[in-house]
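In what follows, chains are A, B, ... by sequence order, proteins preceding strands, each numbered from 1.
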Amino acid sequence: MENVRVRFAPSPTGYLHVGGLRTALYNYLFARKNNGKFILRIEDTDRNRFVEGAVENLIDALKWCGLNYDEGPDIGGIFGPYIQSQRLSTYKEQARKLIADGKAYYCFCTPQRLEKLREEQQKQKLPQAKYDKHCLHLSKTQVQQKIAVGIPFVIRLNVLPNKKIIFDDVVRGRVEFESNNVDDQVLIKGDGYPTYHLANVVDDHLMQITHVIRGEEWLSSTPKHVLLYDAFEWERPVFAHLPLLLNPDRSKLSKRQGDVAVEDYRAKGFLKEALLNFVALLGWNAGDDKEFYYMNELIEKFSLERVNKSGAVFDLEKLNWLNEEHLRKKSNEEILSMLKTEICNSQFAILNFSDHYLLKVINAMRERVSFVHEFLTKSSYFFAAPKEYEETSRQKNWKPETSEQIQKLRANFAQLENPSKEDYELALKQTAAEFNISAGKLIHPLRLAISGTSAGPGIFDIAEILGKDEVLKRIDTALALLR
RNA sequence: GGCGCGUUCGUCUAGUGGUCCAGGACGCCGCCCUCUCAAGGCGGAGAUCACGGGUUCGACCCCCGUACGCGCUACCA
């Protein structure tokens with residue numbers, strides 16, 4: 001494909017929605033796959049919705065995910081600026097062109113009149129409330145007079161009746177609308193800002209966007225955009241409307257029913273690889289059974305033709321699973337650096353652990369965690385001696401005779417010199433033989449004594465990692481506390 | 001209400017007229033392994049392909065209708 005240019009055009013609401021992430025990702029994949037350009041453009045034409053720091057948050061989230069764009073607000077590009085509020089004169093100029101060509105017109109109707117009009121239309125049970133073109137027939141001099149006097153105005157698109165508006169959507173096929181169902185859309189608002197519809201079309205054209213890949217919520221307003229391209233006599237881009245991401249109850253994914261911001265998932269410890277992989281599969285698949293992907297594989301396999309039509313529920317269970325899978329694929333060294341930052345942000349921050357030690361912990365625990373922070377919660381005993389002992393295990397495994405047996409085990413451990421896990425195991429088995437009991441009778445209480453829990457890596461691995469001194473110390477503590 | 005889009009296991013999905021009384025994955029259940037917990041291996045339950053009509057020798061797949069869901073219907077994006 002020649003000179004593919006796509007864009008992600010979010011409005012800065014304060015955070016990056018995972019649905020937005022999916023849209024951005026598909027745009028990114030499509031651009032990279034086709035050797036095209038991926039552009040970030042900020043659609044901030046609603047002054048009432050201005051959110052401090054929103055653009056920065058958006059950019060942060062995108063960068064964290066590795067969705068690097070070729071042109072955008074912070075890096076520039078030859079079609080800039082990439083923030084719509086900085087392009088106001090462009091939209092005005094284009095709107096004036098439309099007026100000159102009779103494709104758009106000034107409208108001086110007050111919000112009150114519009115409101116009344118709507119009410120009347122509803123009372124008459126008209127199928128649709130639409131602007132009545134009241135100002136379309138104003139003469140040039142009337143318009144000029146009103147403007148001169150300072151009457152506030154908007155600019156509307158003049159939609160011709162009884163036309164079929166047809167366009168082809170890559171994911172949905174041919175879509176048809178009647179122009180009778182399309183309102184004379186406001187293009188320039190009373191405050192001089194453009195509406196989304198105008199700004200979007202003008203920018204996409206001026207920035208030479210070839211494919212408009214966006215959420216399904218835009219499908220219904222696409223006729224307006226198509227009309228605008230036609231009015232300007234500009235070539236239309238290819239449209240691809242993506243299925244929506246849904247809550248478990250199949251309504252549009254929303255804050256009310258869980259986390260929707262990329263930063264939420266980041267804060268929870270999800271790997272960007274997992275989030276991206278997961279979100280890529282929500283509405284697209286390569287047609288085979290592969291579910292685990294890295295970005296480069298997605299780029300290689302992605303195509304708009306294989307995007308689904310129906311909405312997809314955002315299923316946390318599968319995200320968790322993908323996070324595990326991606327974590328498992330990481331090297332111990334990669335996990336080490338993540339674990340270190342995790343430790344820095346934890347109650348163990350003041351403690352010092354050698355890389356050598358942490359690597360052993362990682363090796364022992366990596367198959368048992370889904371998130372890096374779980375090293376600290378699921379195996380806190382590697383970072384601090386247990387403060388309490390799991391009650392169910394204590395009842396099950398610490399019998400009246402156990403103290404004496406563990407006492408003996410401690411003595412046998414004490415005699416070992418720089419013990420390996422095999423040494424611990426041998427010593428334990430010998431102790432068990434001395435009492436004529438099964439190894440399990442010692443293993444479980446020992447686990448409880450040195451880890452405080454009943455779950456975790458092999459007990460001899462734990463002992464070796466902890467080291468003899470620590471093991472003996474913990475046995476002593478347990479002996480004093482568990483009786 | 002109008003317009004548009006959608007509808008295959010709980011969830012994500014494969015499927016483009018016969019190979020499908022529907023395949024994979026997550027989750028769930030069971031077994032094996034085992035010092036525990038995981039991981040791993042093996043197996044299982046789970047979809048009358050929304051419903052009803054057509055077209056066809058034959059329909060998950062094509063057409064029509066209905067239902068349901070969702071989106072849009074703003075001087076919001």
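Here the C1' atom of nucleotide B/rC37 and the CZ atom of A/Phe382 are 12 Å apart, to the nearest Å. Between the NZ atom of A/Lys164 and the P atom of B/rG4 there is a distance of 9 Å, rounded to whole Å. A/Tyr105 has its OH atom 13 Å from the C1' atom of B/rC75, to the nearest Å. Residue A/Tyr196 contributes atom OH, which lies 12 Å from atom C1' of B/rC76 at whole-angstrom precision.
Taking the P atoms as reference points, B/rU55 lies 15 Å from B/rC61, given to the whole Å. Rounded to a whole angstrom, the distance from the C1' atom of B/rG23 to that of B/rC9 is 11 Å. For the C1' atom pair drawn from B/rA22 and B/rA14, the interatomic distance equals 10 Å after rounding to whole Å. Straight-line distance between the C1' atoms of B/rC75 and B/rA67: roughly 38 Å, to the nearest whole Å. B/rG18 and B/rG30 have their C1' atoms separated by 37 Å, given to the nearest Å. Nucleotides B/rG24 and B/rG46 are separated by 14 Å at their P atoms, to the nearest Å. Nucleotides B/rC26 and B/rA45 are separated by 15 Å at their C1' atoms, to the nearest Å. A distance of about 12 Å separates the P atoms of B/rC49 and B/rU8, rounded to the whole Å.
Residue A/Lys290 places no side-chain N or O under 4.0 Å from the OP1 or OP2 atom of B/rA25. One finds a side-chain N or O of A/Asn285 lying less than 4.0 angstrom from the OP1 or OP2 phosphate oxygen of B/rA14. Under 4.0 angstrom from either OP1 or OP2 of B/rU73 there lies no side-chain N or O belonging to A/Ser221. Contact annotation: A/Arg250 reaches the phosphate of B/rU11 (side-chain N/O to OP1 or OP2, under 4.0 Å). Residue A/Asn308 has a polar side-chain atom (N or O) positioned under 4.0 Å from OP1 or OP2 of B/rA14. An OP1 or OP2 oxygen of B/rC35 is reached within less than 4.0 angstrom by no side-chain nitrogen or oxygen of A/Lys396.
One side chain, A/Asn285 or A/Arg306, offers a donor N or O that lies under 3.5 Å from an acceptor on the other. A donor-acceptor contact closer than 3.5 angstrom is absent between the side chains of A/Glu43 and A/Ser11.
Remark: B/rC70 base-pairs with B/rG4. Criterion, Watson-Crick or G-U wobble with two distances under 3.5 Å. Base pairing of B/rC57 is made with B/rG18, judged by Watson-Crick or G-U wobble geometry with both donor-acceptor distances under 3.5 Å. With a cut-off of 3.5 Å on both pairing distances, the Watson-Crick or G-U wobble partner of B/rG52 is B/rC64. B/rU36 is unpaired under the criterion used here, namely a Watson-Crick or G-U wobble arrangement in which both key atom distances are under 3.5 Å. Nucleotide B/rU11 forms a Watson-Crick or G-U wobble pair with B/rA25, both donor-acceptor distances falling under 3.5 Å.
One N or O donor and one acceptor, one from the side chain of A/Arg368 and one from the base of B/rC37, sit under 3.5 Å apart. In terms of polar N and O atoms assigned as donor or acceptor, the side chain of A/Arg172 never comes within less than 3.5 Å of the base of B/rC5 in a complementary pairing. A donor and an acceptor atom sit less than 3.5 Å apart, one in the side chain of A/Lys318 and one in the base of B/rA25.
Checking each of A/Val260, A/Val51, A/Asn57, A/Val262 against A/Tyr15 for a side-chain contact (heavy atoms from CB on, under 4.5 Å) leaves exactly one that passes, namely A/Val260.
Using a 4.0 Å heavy-atom distance criterion, A/Val154 is classed as a base contact. Within the nucleic acid shown, A/Gly440 has no heavy atom closer than 4.0 Å to any nucleic acid atom. If you check every strand for non-hydrogen atoms under 4.0 Å, A/Ser310 touches sugar and phosphate atoms only. A/Glu317 comes within 4.0 angstrom of sugar-phosphate atoms only, judged by non-hydrogen atoms across all strands, and of no base. Using a 4.0 Å heavy-atom cutoff across all strands shown, A/Arg306 reaches sugar-phosphate atoms only and no base atom. Here A/Gly283 lies in heavy-atom contact (under 4.0 Å) with sugar-phosphate atoms only. Using a 4.0 Å heavy-atom criterion, one finds that A/Pro111 contacts the bases of the nucleic acid, with or without backbone contacts as well. Backbone-only contact: A/Leu244 has heavy atoms under 4.0 Å from sugar-phosphate atoms and none from a base. A/Ala439 comes within 4.0 angstrom of no nucleic acid atom, judged by non-hydrogen atoms across all strands. Residue-level contact check: A/Phe177 touches the backbone only, with heavy atoms under 4.0 Å from sugar-phosphate atoms and none from bases. A/Pro10 comes within 4.0 angstrom of nothing in the nucleic acid, heavy atoms only. When heavy atoms are screened at a 4.0 angstrom cut-off, A/Pro194 is found touching the sugar-phosphate backbone but no base atom. Nucleic acid contact class of A/Val182 (heavy atoms, under 4.0 Å, all strands): none. No contact: A/Asp44 has no heavy atom under 4.0 Å from any strand.
A cation-pi arrangement is found for A/Arg22 relative to A/Tyr26, the charged atom lying closer than 6.0 Å to the ring centre and inside a 45° cone about the ring normal. Both tests pass for A/Arg156 against the ring of A/Tyr131: distance under 6.0 Å to the centre and angle within 45° of the axis.
Of the charged side-chain nitrogens involved, at least one lies within less than 4.0 Å of a carboxylate oxygen, so that A/Arg41 and A/Asp204 count as a salt-bridged pair.
By the 4.5 Å heavy-atom criterion applied to side chains, A/Lys189 and A/Pro194 are not counted as neighbours. Within the 4.5 Å cutoff, the side chain of A/Ile59 has heavy atoms near those of the A/Leu40 side chain.
When distances are taken from the side chain of A/Glu367 to each of B/rG27, B/rA38, B/rG24, the shortest belongs to B/rA38.
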